[in-house]
Amino acid sequence: MNKPAKTAITPTRQQDYPEWYQQVIKGADLAENSPVRGCMVIKPWGYALWENMQRVLDKMFKDTGHQNAYFPLFIPMSFLEKEAQHVEGFAKECAVVTHHRLEPDGKGGLRPAGPLEEPLIVRPTSETIIGACYAKWIQSYRDLPILINQWANVVRWEMRTRLFLRTAEFLWQEGHTAHATAEEAMEETRKMLEVYADFSERFMAVPVIKGEKTAGERFPGAVITYCIEAMMQDRKALQAGTSHFLGQNFSKAQEIKFQSQSGETEFAWTTSWGVSTRLIGALIMTHADDDGLVLPPRLAPSHVVIMPIYRDDTQRAEVLAYCQKLRRELMLQRLDDQTIRVDIDDRDLRGGEKKWYHVKRGVPIRVEVGPKDIANQAVFMARRDTGESKSVPQVELIATIGAILDDIQNNLLKRATAMRDENTVTITNEQDFRSFFKSESEENSPIHGGFAKCHFASEDAVKPLLDELKVTIRCIPLDGGNTPGKCFLTGQDAAQMAYFAKAY
RNA sequence: CGGAGUGUAGCGCAGUCUGGCUAGCGCACCUGGUUUGGGACCAGGGGGUCGUAGGUUCGAAUCCUAUCACUCCGACCA
């Protein structure tokens, strides 16, 4: 009875972008809302994607000299109080544990009992608890640097949440390092920013702008916050990763001291850096289309799905055998250093239903094999990124599978980069700035704006306008951010240029 | 915390204004059959006590009171 929709996902991006985003997640079965307010359940397909991200990042961290460790979920409240800006930044969004057991309330329910002497907070980030450990571990310059990463969950009691983009609990990694000199800590901060940018472009196929946050957007307690910023298909910016140079702020607050080679007592220089499950949101909003998710092959849980097509049991046996052989041969091929991941979907479902199932989940390549294909020693192959489909000789598919996946990966990056560049403009006056961020015809074009590269005199000077238009300064790009020019708003001389955009 | 809204089957909803047979519909699910290079069709079937508590009434999903939860819009944000 259901007429085949023109698109697998309704509404389309153009019709209602936020709703489209939710529907893509639902269609791909990545995650869902949980009974717990603001917290999501990450389903197997979404978690497999996260595991692939973890695997790649973890190797990159280890290749740059880091080790993994694990620190407690709970942080004594007094720890958080030590760094003034840090307190201010996080106090409002912390979950607090005040009791350590439950007792019957006499009405068939339970009530908290056993109040804690000092409340514990559920970590919103671990600078303070890890810093406390570092203070104990570090005595001498010989103990430095300490280069540790932790894979963990954190909790930030956000007012409004959206799957993957902002949830009360989220998964992430947080690197925390301590160094003997400012130079070394700076180098570390920049190195990890590069790692994130590299990961984003090479694996996620998401092009990013590397830059520095302005004072107003800085991490609470940091001296410098670097970030990578990506443009989503609705032309809003999404911060995809951050790397902070914390100077001696935390080491002074937490007494992370060491004796230098010359015998003097000095405070260590620390850094922290992190990316989260938000990256999955970035992936969706960069590549997915009106038929659902589109996965970059380097992170896809499954590269190829083979759909056997048959009419009866005799055919079934023949086709399945052929598919299994094809699968084995494909799995001998490689994409970079990875084995090709191939699944056979022989569930008892109708062909159309099965096809759309995999389209919505974003599997890069779909292969269909029926009796006719076997007779021709061919397979029918469809690419998720372009929608292109054709019959190819089986031997050709096996020989070129790695190259095809590589081509899909490159195509996604190329497409996303073109989209971003088309919507990035240099703006030199208020009039143009306003019209860029205000939809020309609001009813017809929910998607508008983009990245505006503008010189600006100071953060304070532009703030009222930004608030009015709901635009934020994303970053001062490392590439070209310090060239002098005229402030787009005041006309004054300006030493810096920044990317401005609406943001998530 | 301020404003608005919603809680009825796994999901999406109708019924509530104007109280009245056994609480309906679509999708999904199960069974049988016909189909099968594309999100099928026919027939049959299972599943809810209407967010929770109290009240009014011969009678409450429907009226009243309280309460809880969630969603959206703001302030806050990886």
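Each chain gets a letter, A, B and so on, in the order the sequences are listed, and its residues count up from 1.
Between A/Glu368 and A/Lys355 there is no salt bridge, since none of the side-chain N atoms of the basic residue sits less than 4.0 Å from a carboxylate O of the acidic one. By the 4.0 Å N-to-carboxylate-O rule, A/Asp312 lies too far from A/Arg316 to be salt-bridged with it. For the pair A/Asp290 and A/Arg13, the salt-bridge criterion is met [side-chain N within less than 4.0 Å of a carboxylate O].
Rounded to a whole angstrom, the distance from the P atom of B/A14 to that of B/G26 is 15 Å. Taking atom C1' in both B/C30 and B/G47, one finds a spacing of 11 Å when rounded to whole Å. Look at the P atom in both B/G39 and B/G45: the space between them is 28 Å, to the nearest Å. Look at the C1' atom in both B/A61 and B/G7: the space between them is 12 Å, to the nearest Å. Nucleotides B/C27 and B/A66 are separated by 41 Å at their P atoms, to the nearest Å. Rounded to the nearest Å, the gap between the C1' atom of B/C50 and that of B/C63 is 16 Å. Rounded to whole Å, the separation between the P atoms of B/C11 and B/G55 comes to 31 Å. For B/A78 and B/U16, the P atoms lie 47 Å apart once the distance is rounded to whole Å.
If you check the side chains of A/Thr12 and A/Gln14, you find no donor sitting under 3.5 Å from an acceptor. A/Tyr17 and A/Gln233 form no side-chain donor-acceptor contact under 3.5 Å, judged by distance and modelled atom types alone. For the residue pair A/Arg123 / A/Asn153, a side-chain donor-acceptor distance below 3.5 Å is found, with atom types taken as modelled. Between A/Thr225 and A/His244, the side chains place a donor N or O and an acceptor N or O closer than 3.5 Å (distance only, hydrogens not considered).
Looking at heavy-atom distances under 4.0 Å, A/Thr161 makes no contact with the nucleic acid at all. Base engagement by A/Pro371 is indicated by at least one non-hydrogen atom pair under 4.0 Å involving a base atom. Note on A/Lys372: a base of the nucleic acid sits closer than 4.0 angstrom, heavy atoms only. At the heavy-atom level, A/Lys213 lies nowhere under 4.0 Å from the strands shown. A/Phe380 comes within contact range of at least one nucleobase, with a heavy-atom separation under 4.0 Å.
Applying the ring-ring contact (aromatic ring centres under 6.0 Å, His included) rule to pairs touching residues 25-46 of chain A yields nothing, sequence neighbours excluded.
Counting to the nearest Å, the P atom of B/G39 and the CZ atom of A/Arg361 are 20 Å from each other. As rounded to whole Å, 17 Å separates atom P of B/G37 from atom CG of A/Asn376. Summarising the geometry, the separation between CH2 on A/Trp157 and C1' on B/C76 is reported as 15 Å, rounded to the nearest angstrom. Taking atom CG of A/Leu349 as the reference point, atom C1' of B/C29 lies 13 Å away to the nearest angstrom. One atom, CG of A/Asp467, and another, P of B/C76, lie 8 Å apart when rounded to the nearest Å. In this entry the distance linking CD of A/Glu158 with C1' of B/C1 reads 16 Å, nearest Å. When the P atom of B/U71 is taken as reference, atom CG of A/Leu163 falls 11 Å away, rounded to whole Å. The interatomic distance linking A/Asp348 (CG) with B/G32 (P) rounds to 12 Å, in whole Å.
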Nucleotide-level pairing of RNA chain B, given in dot-bracket where Watson-Crick and G-U pairs need both distances under 3.5 Å and | marks other strands: ((((((((.[[[[.)....(...]]]].((((((.....)))))).....[[[[[..)....]]]]])))))))....

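Between A/Trp269 and A/Phe245, the angle of the ring planes stays under 30°, which puts this pair in the parallel group of the 30/60° scheme.
Side-chain atoms of A/Arg311 lie closest to B/U36 of the nucleotides B/U36, B/G38, B/G39. In the set B/A78, B/G37, B/G39, B/G39 carries the atom at the smallest distance from any side-chain atom of A/Ala8. Of the candidates B/A78, B/G37, B/G74, B/A78 carries the atom nearest the A/Arg278 side chain, counting heavy atoms from C-beta on. Of the candidates B/G39, B/C76, B/G37, the closest approach to any side-chain atom of A/Lys92 belongs to B/C76. Listed candidates were B/G74, B/G38, B/A78. Nearest to the side chain of A/Ser276 is B/A78.
Taking the nucleotide of RNA chain B with the nearest heavy atom to each of A/Gly351 and A/Phe219, the more 5' of the two is matched to A/Gly351. Both A/Gly241 and A/Asn33 sit near RNA chain B, but only A/Asn33 has its closest nucleotide nearer the 5' end.
Not a single donor-acceptor pair, N or O on each side, falls under 3.5 Å between the base of B/G38 and the side chain of A/Glu353.
The shortest distance between the side-chain N/O atoms of A/Arg350 and the OP1/OP2 oxygens of B/A40 is below 4.0 Å. Taking 4.0 angstrom as the limit, A/Arg156 places none of its side-chain polar atoms (N or O) nearer than this to OP1 or OP2 of B/A78. One finds no side-chain N or O of A/Lys26 lying less than 4.0 angstrom from the OP1 or OP2 phosphate oxygen of B/G12.
Here the side chains of A/Phe164 and A/Arg278 are not in contact, with every heavy-atom distance at 4.5 Å or above.
Both stacking criteria are satisfied for A/Phe170 over the base of B/A78: a centre-to-centre distance under 5.5 angstrom and an angle between ring planes under 30 degrees.
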